[in-house]
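Okay, structure first, notes after.
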Amino acid sequence: MAARIALVVDGQAVEVPAGISVAAALRHAGSGATRRSVGGTLRAPACGMGVCQECRVAIDGQRRLACQTLVAAGMRVATGTAP
């Protein structure tokens with residue numbers, strides 16, 4: 001059985017496979033969205049390599065790129081998806 005990692009995404013406890021990126025964990029946990037556009041539509045990672053900057057989230061209080069950050073036990077991720 002594959003190892004699992006417990007973390008918190010937008011205040012909700014989630015368990016995801018170990019070794020995946022935060023961007024992938026967001027997809028496992030729900031929509032995969034990382035923020036809202038100025039117009040209010042949900043945005044998600046586009047390039048997967050940190051160039052587009054669409055995956056910016058707060059990880060343990062620091063702004064990071066979700067596609068370039070691996071999950072860690074107890075990590076707290078805050079997206080900008082709240083309406």
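Please read these numbers as outputs of a predicted model, since none were measured by experiment.
Closest heavy-atom contact between Gly32 and Pro45: O-CD, 3.6 Å. Heavy atoms only, all atoms of each residue included: Ser21 and Cys67 are closest at CB-O, 3.9 Å. The minimum heavy-atom distance between Gln68 and Gly48, with the atom names listed, is NE2-O, 3.8 Å.
Between the CZ atom of Arg35 and the SG atom of Cys55 there is a distance of 10.0 Å, given to the nearest 0.5 Å. Remark: Arg43 CZ to Ser31 OG distance equals 13.0 Å, nearest 0.5 Å. Considering CD1 of Ile59 and CZ of Arg76, their distance stands at 13.0 Å, rounded to 0.5 Å. For the atom pair Asp10 CG and Thr81 OG1, the distance stands at 4.5 Å (nearest 0.5 Å).
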*Can you check side chain to side chain contact (heavy atoms under 4.5 Å, CB included) on Arg56 and Thr34, steps first, answer last?*
CA-CA 7 Å; Arg56 294 174 308 224; Thr34 55; over 6 Å; no

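Both Val14 and Val77 sit in one connected hydrophobic cluster of ILVMFWY residues. Membership requires side-chain heavy atoms under 4.5 Å apart, directly or through other members. In the hydrophobic clustering of ILVMFWY residues, with side-chain heavy atoms under 4.5 Å counting as a link, Ile20 and Val9 come out together. Residue Leu65 is not grouped with residue Val71 when hydrophobic side chains (ILVMFWY) are merged at heavy-atom distances under 4.5 angstrom, including chains of intermediate members.
Looking at Arg36, its side chain never comes within 3.5 Å of a backbone N or O of Thr41 through a donor-acceptor pair.
By the 4.5 Å heavy-atom criterion applied to side chains, Leu7 and Val22 are not counted as neighbours.
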